[in-house]
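A quick note: this is a predicted structure, and the numbers were derived from the prediction, not measured.
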Amino acid sequence: MVGKQLLLTYLYLLVYILLSSGVILYNKWVLSPKYFNFPYPITLTMIHMGFSGAVAFFLIRVMKVVSPVKMTFEIYATCVIPISAFFAASLWFGNTAYLHISVAFIQMLKALMPVATFLVAVTCGTDKLRCDVFLNMLVVSVGVVVSSYGEIHFNVVGTLYQVTGIFAEALRLVLTQVLLQKKGLTLNPITSLYYIAPCSFVFLFVPWYLLEKPGMEVSQNQFHFWIFFSNAVCALALNFSIFLVIGRTGAVTIRVAGVLKDWILIALSTVIFPESIITGLNIIGYAIALSGVVLYNYLKIREGRASQPPEGIPERVKDLKTEKRSSDLFAASTGNTSNNGGKNVWNSSALDSNVDEEAPLIPSLRMSHLGRQLSGHTA
């Protein structure tokens, strides 16, 4: 039995790594002018959002797999709408970067995710400026700068798009904690898609109408249904695979898998897209940044273990002692969980597979523990 469960865990990890890498490479192939030549990242993102929202609607309203939460207009206006806006922005800017820079360089830039989240959390007052974490972030930043300096095909526009997308994602993660968790809103992966994906679709409609619609009307690009359908299915499958992985592994395992996935993706991208060239400075810079990321993971794991209360402490006390800061919440397109009134809930931050989704850091120990409990009802 143990061997079977272990094998199933490794299978979930393999599926996560394959889907995560595959979605990024698929998006690059679709958007790149040198390959499928569909240079409309907002359109592609809207397809993802529309498909995810439609599947969630079908599961909730038709199949009744889960019940919708009691969503008031005040919560929707003050929580869902701003979070959806930053989510849409992160996807828009992140996908647009594929038009200008390589997949390998994008993965290297994504090492800035913990830096962005920490800076936003400190600015918003949800985290404190600590010397050890600040020095850690400095190491990551230096590594990314070195990697950027070694990029042969460095593109300012693409880099700005990617960095802007990273900070938009950081803002979304902080808002998720400040707005959703403070109000006690309980969302699982399906209800998250149900509420946030359609709202993100609406936010993307305005830039699409102004920036991409005129070009699409005069272009010769044809809409290949099966290409976009399979792309959207892969993106949705990644979202659910992350949920399953969280349910069966601990924080250390997922973090290692995320780092492994990034290196595999960088190597694969140079094979699939020969124009992507990795230099020695790229590798050195990314190794420096990754060392900072690994150290950050170690600090958070140690901090999480230190905050674990002894057995037998009432649940309410456990909740108070295991409260996390915003800088603990960013993930590789993963979600955030909380314990509300003794019920396990999922405040999703993984509504799409492209953002993140791809940060090499994953959820906190507390989240992984709750994920394992949730998987007992889903796996």
I need the [X] [atom1] to [Y] [atom2] distance, nearest 0.5 Å.
X	Y	atom1	atom2	result
Thr191	Leu59	OG1	CG	11.0 Å
Phe93	Thr45	CZ	OG1	11.0 Å
Met49	Leu193	CE	CG	7.5 Å
Leu265	Ile272	CG	CD1	8.5 Å
Leu112	Ser148	CG	OG	7.5 Å
Leu175	Cys124	CG	SG	7.0 Å

I'd like to know if the side chain of [X] reaches the main chain of [Y], judged simply by a donor and an acceptor atom lying under 3.5 Å from each other, with no hydrogens or angles considered.
X	Y	answer
Asn282	Ser147	yes
Ser90	Phe87	yes
Thr164	Leu160	yes
Glu212	Pro207	no
Thr270	Ala267	yes
Tyr26	Ser230	no

Group every Ile, Leu, Val, Met, Phe, Trp and Tyr by side-chain heavy-atom contacts under 4.5 Å, then state whether [X] and [Y] land in the same group.
X	Y	result
Leu138	Val133	no
Val259	Met108	yes
Leu44	Val233	yes
Ile283	Val142	no
Val145	Ile266	no

Do the non-hydrogen side-chain atoms of [X] and [Y] ever get within less than 4.5 Å of each other?
X	Y	result
Leu7	Leu11	no
Leu135	Cys131	yes
Phe273	Trp29	yes
Met216	Lys213	no
His48	Asn231	yes
Phe36	His224	yes
Phe134	Leu129	yes
Ile81	Cys199	yes

* Would you please test Leu238 and Tyr16 for side-chain contact (heavy atoms from CB on, under 4.5 Å) and show each step? => CA-CA 7 Å; Leu238 174 60; Tyr16 157 69; 4.0 Å; yes
For [X], which fellow cluster members are found when Ile, Leu, Val, Met, Phe, Trp and Tyr are connected by side-chain heavy-atom distances below 4.5 angstrom, either directly or through intermediates?
X	result
Ile152	Ile277
Leu18	Leu14
Val271	none

Ring centroids only, cut at 6.0 angstrom: are Phe154 and Tyr149 within range, meaning strictly under it?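 For Phe154 and Tyr149, the ring centres are not under 6.0 Å apart.
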Can you give me the closest heavy-atom contact between [X] and [Y], atom names plus distance?
X	Y	answer
Leu281	Gly150	CB-CA, 3.5 Å
Lys28	Ile101	NZ-O, 3.2 Å
Leu204	Ala88	CD2-O, 3.7 Å
His100	Gly158	CB-CA, 3.5 Å
Lys128	Phe118	O-CE1, 3.8 Å
Leu99	Leu31	CD2-O, 3.2 Å

Return the orientation label for the [X] and [Y] ring planes: parallel under 30°, perpendicular over 60°, tilted otherwise.
X	Y	answer
Phe228	Phe223	parallel
Phe38	Tyr40	perpendicular
Phe57	Tyr194	parallel

Quiz item: Does Tyr209 OH have over 12 foreign heavy atoms under 6.0 Å away?
Solution: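 Atom OH in Tyr209 is not crowded, with 12 or fewer foreign heavy atoms closer than 6.0 Å.
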Return yes when atom OH of Tyr35 has more than 12 non-hydrogen atoms of other residues, nucleotides or ligands closer than 6.0 Å, and no otherwise.
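Atom OH in Tyr35 is crowded, with more than 12 foreign heavy atoms closer than 6.0 Å.
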### Side-chain H-bond candidate by donor/acceptor type, Tyr195 with Ser84, under 3.5 Å
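Note: Tyr195 and Ser84 side chains miss the donor-acceptor criterion.
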- Task: Would you check, one step at a time, whether the test side-chain contact (heavy atoms from CB on, under 4.5 Å) holds for Trp263 with Leu290?
- Result: CA-CA 10 Å; Trp263 281 108; Leu290 198 60; 2.8 Å; yes
- Message: Checking Met46 against Trp208 for the side-chain contact (heavy atoms from CB on, under 4.5 Å) test, could you report, in this order, the C-alpha distance in whole Å, the side-chain angles of both residues, the deciding distance, and whether it holds?
- Response: CA-CA 9 Å; Met46 289 177 70; Trp208 171 81; 3.5 Å; yes
- Trace of the side-chain contact (heavy atoms from CB on, under 4.5 Å) decision for Leu25 with Ser269: CA-CA 7 Å; Leu25 295 172; Ser269 67; 4.1 Å; yes
For this session: Check the pair Phe203 / Trp92 against ring pair (Phe, Tyr, Trp, His ring centres under 6.0 Å), numbers first and verdict last.
Result: CA-CA 10 Å; Phe203 274 109; Trp92 169 17; over 10 Å; no
